[in-house]
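Heads up: the structure comes next, in structure tokens.
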Protein chains: 2
Amino acid sequence: MKTKVFITDDHYMVIEGIRSLLQNEKEIEWMGHASNAESCLAYLQTHQPDVILMDINMPGMSGIDLCKIVKEKYPQVFVVGLSTFNQQSFIHKMMDNGASGYVLKNATQQELMEAISTVAKGKTYLSDEAAFALKKIETPGMPLITRREKEVLELIAEGLTNIEIAEKLFISSATVDTHRKNLLIKFQTKNTASLVRTAMQLQLI
Amino acid sequence: MKTKVFITDDHYMVIEGIRSLLQNEKEIEWMGHASNAESCLAYLQTHQPDVILMDINMPGMSGIDLCKIVKEKYPQVFVVGLSTFNQQSFIHKMMDNGASGYVLKNATQQELMEAISTVAKGKTYLSDEAAFALKKIETPGMPLITRREKEVLELIAEGLTNIEIAEKLFISSATVDTHRKNLLIKFQTKNTASLVRTAMQLQLI
DNA sequence: CCGGCCATCCCTGAAAAATGGGATATTTAT
DNA sequence: ATAAATATCCCATTTTTCAGGGATGGCCGG
């Protein structure tokens, strides 16, 4: 029984790399790829892979959100998160959203195969680095911000005023103001400048 | 005459992807890879590729610094920068340090081949996205800021107000305000939030 | 020596953000 | 089911920023 594998990643070279790593594996059936969250969801309406390898950082909807949706709609599909070295901070979010495993993009073929076969059995696979990062992070540095707050944060960083943000998100500027206040509190910053700086340092933007 | 290609990237999957993309190309001789700057330099002591595909973001020495060293020691080697979508701000630094080309990691095989063959002839190749980003940055952007302006910029990013900055630098807050205004003009940003974001993206902070 | 750049200082008025309250519906989690 | 979290809205005051001006002395390179 082959394991049906699908991949969602916005980097063509990574897709190609994984395909190359898996193409000679007898236990793997390569189903194809999507380069963004929307394509992935569209694909899932008509196909059912066993395992999805999913990049965390994609333009548009992130892998973290995509993972959540996928697990809600298709709980039988196992998700393996993929990320680069300096995005380890998102590992726990990915796992919270139902991912079954996590490998870094510099994983070897052995690691990748082990991850796929492990999660295909319904178990959890974490690469050594990922497991390490999971332990290390979770410290107080990284504030837990809500989806909405993140949207607001990004628009603030783009230089929009509260009113412009309000128009963009179809909410009142007073609401934007509240989100902004909460962001300042959560990041323990005293104004917009340090808020943006801190958020960027934590790679949240 | 085959083009000898070497790659330096810390992501095994990207290496594998590129290898897969190039393996059937008759004009390409795959020399191997390094996963960090040090290995790359060690390799170059005994081998001479025509083209090095080089990731920008690597643990330890960055591709930007590596590029500089490589071009100083081996000016006949052509370097092609590789990066993801959200690192476009480093393109110009890479080009300043002697890179001959730049492609994003979601490039197609055609783009990659075109890049390699173009730079192997000593010409410059920029992917459309890279060229676009470069124009955007070089023309109005990458502001030349003075020492004092940079000091002020850093303190702004730390969240200090004009008055606090003034006290710290022993100048009047009106002066700080002028520096701030000039920074906004030079960065073509409309407020502090986008100023900080832009400055961080350009790694000026 | 002079012109340009830099750093410094000042003014004003409008716009926006920060601060610190309070309040309610909806979702999510336990 | 109930508590917690989230998203929403409102107000009033103070501080800060934004966007125009203009002005002075110092320093460096042509």
Side-chain angles (χ1 to χ4, degrees), chain A residues 62 64-65 67-73 75 92-98 138 140 142-199 204-205, chain B residues 140 142-199 204:
Chain A
S62 76
I64 291 169
D65 296 330
C67 179
K68 185 168 198 168
I69 295 172
V70 167
K71 289 303 285 186
E72 277 166 5
K73 288 193 178 178
H92 72 280
K93 283 201 177 187
M94 201 72 184
M95 302 308 284
D96 285 348
N97 283 355
E138 312 230 339
M142 177 85 150
L144 286 176
I145 62 173
T146 66
R147 242 170 295 125
R148 202 53 156 180
E149 284 167 349
K150 195 185 173 202
E151 284 184 280
V152 172
L153 175 58
E154 279 162 1
L155 295 174
I156 288 173
E158 280 175 27
L160 305 198
T161 67
N162 279 5
I163 293 173
E164 289 168 336
I165 294 172
E167 284 168 357
K168 203 150 198 166
L169 298 181
F170 305 107
I171 59 179
S172 148
S173 69
T175 306
V176 178
D177 202 53
T178 303
H179 289 311
R180 185 189 283 268
K181 279 188 296 189
N182 291 332
L183 284 167
L184 287 171
I185 293 168
K186 287 188 178 180
F187 281 86
Q188 292 193 285
T189 49
K190 55 189 288 280
N191 57 32
T192 306
S194 52
L195 171 64
V196 171
R197 171 166 164 269
T198 307
L204 288 174
I205 299 185
Chain B
M142 203 40 172
L144 288 174
I145 61 174
T146 66
R147 245 170 294 123
R148 202 53 156 177
E149 282 167 348
K150 198 183 173 202
E151 283 185 282
V152 171
L153 175 58
E154 279 163 1
L155 294 174
I156 288 172
E158 280 176 25
L160 304 199
T161 66
N162 280 4
I163 293 172
E164 289 168 336
I165 295 172
E167 284 168 359
K168 201 148 197 167
L169 300 181
F170 306 106
I171 59 179
S172 146
S173 68
T175 306
V176 178
D177 198 55
T178 303
H179 289 314
R180 185 190 282 269
K181 277 190 299 191
N182 290 332
L183 285 166
L184 287 171
I185 293 168
K186 288 187 177 179
F187 281 86
Q188 290 198 291
T189 48
K190 56 190 287 281
N191 56 32
T192 306
S194 53
L195 170 64
V196 172
R197 171 166 162 270
T198 308
L204 290 174

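Only a predicted model underlies this, so the values are computations on that prediction, with no experimental measurement involved. Residue numbers begin at 1 in each chain, while the letters A, B, ... track the order of the sequences.
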**Complete:** Terminal axes of the helix from C/dC1-D/dG30 to C/dT30-D/dA1 (5 end pairs apiece), angle rounded to 10 degrees, sit apart by 70°
**Request:** Specify the separation, in whole Å, of atom CZ of A/R148 and atom C1' of C/dT26.
**Result:** 14 Å
**Prompt:** Does OP1 or OP2 of C/dA7 have a side-chain N or O of B/H179 closer than 4.0 Å?
**Reply:** no
**Fill in**
Per nearest nucleotide of DNA chain D, the residue lying toward the 5' end, B/T178 or B/K190, is B/K190
Could you list all N or O pairs between the protein and nucleotides 14-17 of chain C that sit under 3.5 Å apart?
| unit_1 | atom_1 | unit_2 | atom_2 | d |
| --- | --- | --- | --- | --- |
| C/dA17 | OP2 | A/N162 | N | 3.1 |

**Item:** Reference residue B/S173; test side chain to side chain contact (heavy atoms under 4.5 Å, CB included); the match among B/I163, B/I165, B/T161
**Value:** B/I163
**Asked** What are the two closest heavy atoms between A/R197 and B/A157, and how far apart are they?
**Response** CD-O, 3.1 Å
**Request:** State, with a plain yes or no, whether a side-chain heavy atom of A/T192 is found less than 4.5 Å away from one of A/R180.
**Result:** yes
**Prompt:** With a non-hydrogen cut-off below 4.0 angstrom, is B/S172 in contact with a base, only sugar-phosphate, or nothing?
**Reply:** sugar-phosphate
**Message:** Distance check needed: C/dA18 P versus A/I165 CD1, whole Å only.
**Reply:** 10 Å
**Request:** Determine whether B/L195 and B/L153 make a side-chain contact, defined as any pair of heavy atoms from C-beta on separated by less than 4.5 Å.
**Result:** yes
**Request:** Check every nucleotide of DNA chain D for an atom under 4.0 Å from a heavy-atom of chain A, then give the first and the last such nucleotide from 5' to 3'.
**Result:** D/dT6 to D/dC10
**Item:** Residue pair A/L155 / A/L169, side-chain heavy-atom distance below 4.5 Å
**Value:** yes
**Prompt:** Any side-chain heavy atom of A/E151 within less than 4.5 Å of one from A/R148?
**Reply:** yes
**Atom-to-atom span, NZ of B/K150 to P of C/dC6 - whole angstrom** = 16 Å
